[in-house]
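Note that the coordinates shown come from a computational prediction; the quantities given were computed from them, not determined experimentally. Proteins get letters first, then strands, A, B, ... in listed order; numbering begins at 1 in each.
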Amino acid sequence: MDCEMLLTPTPFEDRINGWTDVGEVILEVRGLRKYFPLTRGFWKRTVGYIRAVDGVSFFIREGETLGLVGESGCGKTTLGKCVLRLIEPTAGEVWFKTREGRRVELTKLGLEELKSMRREMRMIFQDPFSSLNPRLTVMEIVGEPMKIHRLAQGRALEERVRELLEMVGLKAQHMRRYPYEFSGGQRQRIVIARALASNPRLIVADEPVSALDVSVQAQILNLLEDLKSEFHLTYLFISHDLSVVQHVSDRVAVMYLGRLVELGDTEAVYFTPKHPYTEALLSAIPRVDRRKKVDRILLKGDVPSPLHSPSGCRFHPRCRYAEKVCIQEEPELRNVGNSHYVACHFAERLALRGVEIDACG
Amino acid sequence: MTEKRTMRVAVNVVEAERGKSYVQLVWRNFKKNRMGLLGGVIIVTLAFLSLFAPFFAPHDYYKLDADKAYRPPQRIRFFDAEGKFHWRPFVYDLKLDIDPVTFSRIYREDTSKPLYIRFFVRGWEYQIFGFRSTLHLFGVEEGSIHLLGTDRLGRDLLGRILHGGRVSLTIALFGAVVTVILGSILGALSGYYGGFVDMLVQRAVEVLQSFPQLPLWMALTAALPRTWSSLQVFVCMVVIFSFLNWPMLAREIRGKVLSLREQDFIVAVKEMGGSNSRAIFRHLLPNCLSHMIVVLTISIPELILMESVLSFLGLGIQPPMISWGVLLQGAQRIEVIGLYPWVMFPCAFIILAVLGFNFLGDGLRDAADPYSVRRSY
């Protein structure tokens, strides 16, 4: 199978540029795809492609938090890494607005230019245990981005590390310690300090709290919020935890099997979802109030393999509203009013249930 | 009471604040391992003895003396022939005699006069680190003392063994160090880059490992020109040892790097904009350090044995240079071993060194990884 053949643009991909009302966009992603070749045998023959990310388009405004939710395995992390080019995307464009206001296309940058961009776009990793080198002290870890980009050295570097550690709520005198001497929450603070070290403007937070205790989660989320307003950061916040995403995001994108199925303001998506998948997801949010009878929508079957995505709408085998057209035609991500984008043929017709206002706030 | 407790807490905090360095952490764990400590003591002692070999040798071990050939070791005594106790240890000198029946040379103890052992005596002149000296740890005033006997040419075996340790230990040490450097860098490159580089390195490993080891060693060392000086041969031996030894380590380091490079902290290097060499040398290799240390201490005894084997066969170090293997050449004939078993003494030192390094390696294996990530939430 030829990879190029798979890459013929779907008809709606370019028309999504209908978003004109967007204001200051810091990051715009157009038709991003990542296909992992699946090889077999001694000669590494390619027998197929895993479409981890399959034509995703969205934008993030400056100072905004875009939440990206979806089941595990739907391509969230791959998308985040492709945006930062930690994984080379197969196709698509990623436009980033630099500090000087220049718009650059990240996927076409050379290594040197990309390195200078890496100062401005940073990542917070999911697992604070594997994302810190156990052999380095906190000082060396947090100072490393500044060394790489030659931002500071010697006393100035130490001073800056001190400042960063205090900023994220750690004691500066702990900077000579090793990661194993810290708890999970503290480690994640170190990771955040490292991300802030190069004065970034965009941070891709890949499930920053899912490896942490619930009590610590709240602290880290609050820290992220505080840092955001203090340094005018923009977040792409990836998570599978719907309540966390609702708490931090200005807008939310819902991903299913490598594609966005819904994108809109947080309230709109949570209270008036337009896509059946979003509805099912939202009904699965755990509630504290046990008196209220919860009517969960249980999806049939499992997530299909991204190796053989279903025809038409990818959600149709599990969708309880599916009709014939869903099997044949792939719905495009279209604006259904107020910049609420949905990829469903029946977005206007269906009356879907969102979260109840009092259920989570 | 409360005050006291606060103070203690404060002290603890200060103590913990310092953050122990890698060496400190390894030492803390290593101390607990008795066998490891014993191995360390053996190695340090051997190294010290060989380094200052002339100081510990009462006689010039390069001097030939046909009259003293194959003298058996002299016993250190406190009681003389009459059973009288002496406070100062002494030896009896040996007199050469001819057996009236077999006409072979035998040595008889001359019990008429005890030779008292004196410490820090002046004796033959030697040079060490550019300093000339005549000071020796022990010696006798007249006559001679050969605690481990003499060889075919009447040279003091103790001095020769100690001196031979220099070559045997350094050749093994250098060989192991070069092995570790070569193996870990090639292994890390292979694991980190994968693809073509990996293929190349791994095929090289397979080719080298598919040769039968001993014949290959022999062929390579036999290929060294006879006209080369001892030092050139020495350097070449180191190169050959490490050339044949790196594949094992390269495999192991590759495996380790393969698992490490999927860890987020390596992805983070790329994410920060760091180069590949930063990822390899600053992040990957330091995390393989414990493995490298262990391989270092395990391959040293192998190399000591290998050097002995090759030198024993006359393929390695060439005499005038002395190594344990060279010394064992004197024990190649069965009648020599039967008549003069003390020429086998270098074996004891080889065994001691090999055991010492193995104990040390075992101890270090457990201690060298103090940062093993403790996953506790």
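- Ring planes of B/Phe30 and B/Trp27: tilted class, angle from 30 to 60°.
- Using a 4.5 Å cut-off between heavy atoms, A/Leu114 makes no contact with chain B at all.
- Here B/Arg278 is the residue among B/Arg278, B/Glu262, B/Gln263 with the most heavy-atom pairs under 4.5 Å with chain A.
- For A/Leu86, the parts lying near chain B are the backbone and the side chain together; criterion is any non-hydrogen pair under 4.5 Å.
- Contacts of A/Arg194 with chain B are made by side-chain atoms alone, with heavy-atom separations under 4.5 Å and no backbone atom involved.
- Rounding to the nearest 0.5 angstrom, the gap separating the CG atom in B/Asn287 from the CZ atom in A/Arg135 is 5.5 Å.
- Chain B forms more heavy-atom pairs under 4.5 Å with one residue of A/Lys171, A/Arg85, A/Arg118, A/Lys115 than with any other, namely A/Arg118.
- For the pair A/Lys34 and A/Phe36, the cation-pi test (distance below 6.0 Å, angle within 45°) is passed.
- For A/Gln153, the CD atom is loosely surrounded, since the number of other residues' heavy atoms within 6.0 Å does not exceed 12.
- Interface check for chain B: of the options A/Val216, A/Leu136, A/Val191, the most heavy-atom pairs under 4.5 Å are formed by A/Leu136.
- The existence of a salt bridge linking A/Glu140 and B/Arg282 is confirmed by a sub-4.0 Å separation between a basic side-chain nitrogen and an acidic carboxylate oxygen.
- Neither the backbone nor the side chain of A/Met117 has a heavy atom closer than 4.5 Å to any heavy atom of chain B.
- Between chain B and the options A/Leu84, A/Leu132, A/Ile141, the largest number of non-hydrogen pairs under 4.5 Å is found for A/Leu132.
- Within the 4.5 Å cutoff, side-chain heavy atoms of A/Ile26 are placed close to those of A/Phe96.
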